[in-house]
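Take a look at the structure below.
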Amino acid sequence: MPSECAAISMPVSIKDLQWNSKDRSIAIGEKSVSLTPTQYQLLLPLRHGKPVTYYGLADMVYQCAVDSKVRMMIDKHFDRIRNKLRGTG
């Protein structure tokens, strides 16, 4: 059975969305977007299309409980990710 790290390091493809952990990038069709380590960690739990709570993201990415500051940080990261995907970030 492969380790969790080995499974995460392999490219994952969902429809026309491809995840590349080695480069910390995602590609949608022909467009590739490089992400910071934190941005990639925030998006990775969403790759299976299942909902993830702020509490879950805070625990997985920051290893802390969620509070208003952590939630604001998460929101800001997702804003930056959206801007990158739109080509404005």
Would you say Asp67's side chain and Lys69's backbone share a donor-acceptor pair under 3.5 angstrom?
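At least one qualifying donor-acceptor pair exists.
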Flag, side chain of Arg80 to backbone of His77, donor-acceptor distance under 3.5 Å:
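A pair under 3.5 Å: no.
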Residue pair Asp59 / Cys64, side-chain heavy-atom distance below 4.5 Å:
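Not in contact.
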Quick check: do Gln41 and Tyr62 have side-chain heavy atoms less than 4.5 Å from each other?
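No, side chains not in contact.
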Salt bridge (Lys or Arg N to Asp or Glu O under 4.0 Å) with Asp79: which residues, sequence neighbours excluded?
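Applying salt bridge (Lys or Arg N to Asp or Glu O under 4.0 Å) to Asp79 gives Arg82.
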To the nearest 0.5 Å, what is the distance between [atom1] on [X] and [atom2] on [Y]?
| X | Y | atom1 | atom2 | value |
| --- | --- | --- | --- | --- |
| Ser21 | Leu35 | OG | CG | 10.5 Å |
| Gln39 | Ile26 | CD | CD1 | 9.5 Å |
| Leu85 | Ile28 | CG | CD1 | 4.5 Å |
| Ile81 | Thr38 | CD1 | OG1 | 9.5 Å |
| Lys31 | Arg86 | NZ | CZ | 10.0 Å |
| Ser32 | Asn20 | OG | CG | 8.0 Å |

So with a 6.0 Å cut-off around OH of Tyr54, is the heavy-atom count from everything else above 12?
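Yes, enclosed.
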Closest approach of [X] to [Y] (non-hydrogen atoms, all atoms of both residues):
| X | Y | answer |
| --- | --- | --- |
| Ala58 | Val70 | CB-CG1, 3.8 Å |
| Leu43 | Trp19 | O-CH2, 3.2 Å |
| Arg47 | Leu44 | NH1-O, 2.8 Å |
| Val52 | Met60 | CG1-CE, 3.6 Å |

Arg24 to Tyr40, cation-pi by 6.0 Å centre distance and 45° axis angle:
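No; the conditions do not both hold, so Arg24 does not lie above the ring face of Tyr40.
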Go through Leu57 and Phe78 one step at a time and tell me if the side chain to side chain contact (heavy atoms under 4.5 Å, CB included) criterion holds.
CA-CA 12 Å; Leu57 289 172; Phe78 277 113; 3.9 Å; yes
